[in-house]
Amino acid sequence: MAATLWRLYSKSICNSLQGIILNKPFIQKQLLLSSRTRSLSFSSDSQFGSATAEVCSNTGLKTGGGIIVKEGFLRWENGGGTCHSSAQIYSSALVEFGAVVHEKAVLGAEVHVGSGTVIGPSVDIGPSTRIGYNVSISNCSIGDSCVIHNGVCIGQDGFGFYVDEHGNMVKKPQTLNVKIGNRVEIGANTCIDRGSWRETVIEDDTKIDNLVQIGHNVIIGKCCLLCGQVGIAGSVTIGDYVALGGRAAVRDHVSIVSKVRLAANSCVTRNITEPGDFGGFPAVPIHEWRKQIVRAQIANKREI
């Protein structure tokens, strides 16, 4: 690995910068130093670099073409976003102005992070993933070539409470993560909760529409389709190639086998163990649901 050792001496700086190791051209562009910085060291492998720095709280000072934004945070030149010095970010990743990447986060090649987005600590985002504006991601790993639209929230606490022996409402611990596979698309303002007793998982090639709620501990298989305003309660297990129509709902701790289609406005209240089409409240096989509708219409006409 090629490396160039530069030493900068300046009469205006009491303790001059020493031992700055510049391993890659992209790291040179990202160096954001203050005139009061004591030391800064970078190391990188052949693809992405990790940075650690002792930085001061004196913001807004420019040195070598960069700005220290806040203690521990540097300005990422490719887009102007704010990144923690311990984050590992590929040179081709774009972090737009107003976005924040926290400590120990990993951003792969060609990742695009929109303005107003917050990438939490230790979040891992795979190559070619695109993240829109005002997205919040924490306690999460995201695979390759995903699309996360504006306003999505991933990795927040699930809704879990119980009443203790004193009659107090107590929050159940929510300590696990969200795992999102490759080529997953998540629509605007969708929320996906982190796990409590198992991780929340969304497998490869699943597509999720806007305004969908996915509770904690949910597992969704590959190639599923979730239309707008679908609500999935906690600890649900959904197989592969499942399609949920608009405003469909699934009760907590329910399992749905692979290759099931659920009609819009339906509600699953018990396990579905056979593939096929279902509808109604509670959801039943589609031919049964249609018979129920016909019988209800006939009964109404007779009453009239």
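Sparse packing is recorded around CZ of Arg270, with 12 or fewer heavy atoms of other residues, nucleotides or ligands lying under 6.0 Å away. The number of heavy-atom neighbours closer than 6.0 Å to NZ of Lys104, taken from other residues, nucleotides and ligands shown, is 12 or below. Within 6.0 Å of CZ in Arg261 there are 12 or fewer heavy atoms belonging to other residues, nucleotides or ligands.
A continuous path of hydrophobic side-chain contacts links Val254 to Ile220 [ILVMFWY only; heavy atoms under 4.5 Å]. There is no path of hydrophobic side-chain contacts, each under 4.5 Å, that joins Ile256 to Ile286. Residues Val147 and Val111 are members of separate hydrophobic clusters, defined by side-chain heavy-atom contacts under 4.5 angstrom among Ile, Leu, Val, Met, Phe, Trp and Tyr. When the side chains of ILVMFWY residues are joined at heavy-atom separations under 4.5 Å, either directly or via intervening members, Val236 and Val257 end up in a single hydrophobic cluster. The cluster map of Ile, Leu, Val, Met, Phe, Trp and Tyr, joined by side-chain heavy atoms under 4.5 Å apart, puts Val163 and Phe159 in the same cluster.
Tested against Gln174 for a side chain to side chain donor-acceptor pair (under 3.5 Å), the candidates Gln156, Arg194, His216 yield a single pass: His216. Remark: of the listed residues Val118, Val178, Ile192, Ile131, Ile131 is the sole one forming a side-chain contact (heavy atoms from CB on, under 4.5 Å) with Ile137.
Comment: Arg183 engages Asp205 in a salt bridge, judged by a side-chain N to carboxylate O separation of less than 4.0 angstrom.
The two residues Ala93 and Gly108 come nearest to each other via the heavy atoms CB-O, 3.9 Å. For the pair Val212 and Cys227, the tightest heavy-atom approach, listed with the atom from each and the gap, is CG2-O, 3.5 Å. Residue Phe97 comes nearest to Arg75 through the heavy atom pair CE1-NH1, 4.0 Å, listed as atom of the first residue, atom of the second, then distance. For Ala263 against Ala248, the heavy-atom pair with the smallest separation is O-CB, 4.1 Å. The two atoms that bring Ile180 and Cys146 nearest to each other are CG2-SG, 4.4 Å, heavy atoms only. Listed here is the closest heavy atom pair of Gly114 and Ala99: O-CB, 3.5 Å.
To the nearest 0.5 Å, atoms CD1 (Ile202) and CG (Leu226) are separated by 8.0 Å. The structure places OG1 of Thr200 at 11.0 Å from CD1 of Ile154, a figure rounded to the nearest 0.5 Å. Separating the OG1 atom in Thr129 from the NE2 atom in His112 is a distance of 12.5 Å, to the nearest 0.5 Å. The distance from atom CG of Asn265 to atom CZ of Phe281, rounded to the nearest 0.5 Å, is 11.0 Å. To the nearest 0.5 Å, the span separating CD1 on Ile238 from CG on Leu244 amounts to 5.0 Å. How far OG of Ser145 is from CD of Glu185: 11.5 Å, rounded to the nearest 0.5 Å.
You'll find the side chain of Val135 reaches within 4.5 Å of the side chain of Val152, heavy atoms only. The closest side-chain heavy-atom distance from Lys172 to Tyr162 is below 4.5 Å. Using a 4.5 Å cut-off on side-chain heavy atoms (C-beta onward), Val260 and Phe278 make contact. Residues His102 and Ile119 have side chains not in contact (no heavy-atom distance under 4.5 Å, counting atoms from C-beta outward). Side-chain atoms of Asn134 and Asn150, non-hydrogen and from C-beta on, never get closer than 4.5 Å to each other. Considering only heavy atoms from C-beta on, Glu110 comes within 4.5 Å of Ser128 through its side chain. Two residues are said to be in side-chain contact when any heavy atoms from C-beta on lie closer than 4.5 Å; Val101 and Trp76 fail this criterion. Between Thr117 and Ile148 there is no side-chain heavy-atom pair separated by less than 4.5 Å.
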**Request:** Dump the intermediate steps for side-chain contact (heavy atoms from CB on, under 4.5 Å) on Val250 and Val218, then the final yes or no.
**Result:** CA-CA 11 Å; Val250 183; Val218 169; over 6 Å; no
**Request:** Could you walk me through whether Gln88 and Leu107 pass the side-chain contact (heavy atoms from CB on, under 4.5 Å) test, one step at a time?
**Result:** CA-CA 6 Å; Gln88 297 182 358; Leu107 273 62; over 6 Å; no
**Message:** The test is side-chain contact (heavy atoms from CB on, under 4.5 Å); show your working for Cys224 and Val242 and say whether it passes.
**Reply:** CA-CA 5 Å; Cys224 292; Val242 172; 3.9 Å; yes
**Asked** After noting the C-alpha distance and the side-chain angles of Val230 and Leu262, does the key distance pass the side-chain contact (heavy atoms from CB on, under 4.5 Å) rule?
**Response** CA-CA 11 Å; Val230 162; Leu262 188 66; over 6 Å; no
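Looking at Asn210, its side chain does come within 3.5 Å of a backbone N or O of Ala188 through a donor-acceptor pair. The main-chain N or O of Asn182 is found under 3.5 Å from a side-chain atom of Asp204 such that the two form a donor-acceptor pair. A distance-only check finds a donor-acceptor pair linking the side chain of His84 to the backbone of Ser86 [under 3.5 Å]. A side-chain donor-acceptor contact under 3.5 Å links Asn271 to the backbone of Ser255. In this structure a side-chain-to-backbone donor-acceptor pair under 3.5 Å is missing from Ser258 to Gly239. At distances below 3.5 Å, at least one donor-acceptor pair connects side-chain atoms of Thr190 with backbone N or O atoms of Asp209. Judged by distance alone, the side chain of Asn139 and the main-chain N or O of Gly155 form a donor-acceptor pair under 3.5 Å.
No donor-acceptor contact under 3.5 angstrom links the side chains of Asn78 and Ser91, judged on distance only.
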